[in-house]
Amino acid sequence: MTHFLDINKTDAAALRAIIDQAAAMKQARAGRPRGAPDDEQPLAGRMVALIFEKPSTRTRVSFDVGARQLGAQTMVLSGADMQLGHGETIADTARVLSRYVDLIMMRTFEEDTILEMAEHASVPVINGLTNRTHPCQIMADILTYEEHRGPIRGKRVVWCGDGNNVCASFIHAAGQFGFDFTFTGPEQLDPEPGFVDEARARGADIRIERDAMRAVEGADLVVTDTWVSMHDSQSSRERRHNLLRPYQVNDELMSHAAPDALFMHCLPAHRDEEVTSSVMDGPQSVIFDEAENRLHAQKAIMRYCLGV
Ligand code: CP
């Protein structure tokens, strides 16, 4: 059984193979209509369940389209409409779904939910975001960086703002893909120390720098995300905004990065909050390539999980 639960739990060679296969598959279908099947149909005859306990645009559509391009059939399920949302255990849900489908992708709140699903399912489980991590997003980001600038190994990535679940998967990736990572944000919203220690133990240079201008000096990639994540309470909004305002990505901040630095945001963005529209729509921004690459990266992840 090969799950895709997190970047730090997946073998580094397998991660590299996923990125390379995603790039090759993207190139192979360049210029085709989105609904056209791939030449290869490695998921033909397979059924893929996509379960969402939180809202989604990119993850929902990219997994659905990607599975179909590979020949699978798909079903999109809302956690609230399942018995899962009415008291059936995760373990029983996992056992039942495993009798109907070949692969489960789940977006949920607590990490324990996805771990329990994976423990009791007899088919592979993919993490489509939890409160703690978002591994599929960062696989798409690595693919995006490398298609614009070549190997990410040895490059300097700077994360501005909240040390949230997307930031956590970037830190995992620093350890696995061998790039340097700087977090700049308020101490109250630091990333988990355990993730930082783990990436450092794998040889990555992970820095914490409170001064945003100093942090982005010479950066190859500047990344940010929304200041209030889906699992954060709306009552924390004002406090978070006050803490995070010095870490907004704007033209002034980007001018301190390397001249050929890229800008990424996993989207959805709150324009002119965590990032200005001028940066989002500017020449260094690759945000819509990132969104597209969710499709290609996840197709390779599904193939990895199913061994096809
Ligand atoms: N970036 C991302 O996961 O987008 P969605 O929430 O729209 O799926």
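Atoms within each ligand, like the ligands themselves, are counted from 1 in listed order.
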Trainee: Please indicate whether Q73 has more than 12 foreign heavy atoms, meaning atoms of other residues, nucleotides or ligands, lying under 6.0 Å from its CD.
Mentor: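 Open: at most 12 neighbouring heavy atoms sit under 6.0 Å from CD of Q73.
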
Trainee: Do Q188 and R240 have side chains that approach each other closer than 4.5 Å (heavy atoms only, starting at C-beta)?
Mentor: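 Heavy-atom side-chain distance check fails, nothing below 4.5 Å.
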
Trainee: For T108 and E53, test the side chains for any donor-to-acceptor distance below 3.5 angstrom and give the result as yes or no.
Mentor: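 Side chains of T108 and E53: pair found under 3.5 Å.
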
Trainee: Do the non-hydrogen side-chain atoms of F177 and M139 ever get within less than 4.5 Å of each other?
Mentor: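 SC-SC contact between F177 and M139 confirmed.
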
Trainee: Please confirm whether R107 approaches ligand 1 to less than 4.0 Å, judged on its heavy atoms.
Mentor: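 R107 counts as a contact of ligand 1 under the 4.0 Å cut-off.
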
Trainee: Evaluate the side-chain proximity of T144 to L262: yes if any heavy-atom separation is below 4.5 Å, no if none is.
Mentor: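 No. Closest side-chain heavy atoms not under 4.5 Å.
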
Trainee: Tell me whether K54 reaches ligand 1 (any heavy atom closer than 4.0 angstrom to a ligand atom).
Mentor: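 No, that is not the case, since the closest heavy atom of the residue is not under 4.0 Å from the ligand.
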
Trainee: With heavy-atom distances below 4.0 Å as the criterion, list the atoms of ligand 1 near Q137.
Mentor: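 Those of ligand 1 that fall under 4.0 Å from Q137 are 1 (N), 2 (C).
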
Trainee: Give the atoms of ligand 1, by number and element, whose distance to some non-hydrogen atom of R294 is under 4.0 Å.
Mentor: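 Within the 4.0 Å cut-off of R294, ligand 1 contributes 1 (N), 2 (C), 3 (O).
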
Trainee: Using a 4.0 Å cutoff against the non-hydrogen atoms of T57, which atoms of ligand 1 qualify?
Mentor: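 Near T57, meaning under 4.0 Å from one of its heavy atoms, ligand 1 has 5 (P), 7 (O), 8 (O).
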
Trainee: Could you list the atoms of ligand 1 found under 4.0 angstrom from a heavy atom of H134?
Mentor: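 Those atoms are 2 (C), 3 (O).
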
Trainee: Could you establish whether L267 and ligand 1 come within less than 4.0 Å of each other, counting only heavy atoms on the residue side?
Mentor: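 Right, L267 reaches ligand 1.
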
Trainee: Please identify which atoms of ligand 1 are closer than 4.0 Å to at least one heavy atom of C266.
Mentor: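 Answer for ligand 1: 1 (N).
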
Trainee: Hey, does K299 have a side-chain heavy atom less than 4.5 Å from the side chain of K26?
Mentor: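 When only atoms from C-beta onward are counted, K299 and K26 do not touch, as no gap falls below 4.5 Å.
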
Trainee: Looking at atom 4 (O) of ligand 1, what's its closest protein heavy atom, distance included?
Mentor: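 Its nearest protein heavy-atom neighbour is R58 NE, 2.9 Å.
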
Trainee: With a 4.0 Å cut-off, would you call R60 and D64 a salt bridge?
Mentor: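 No, no charged N to carboxylate O under 4.0 Å.
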
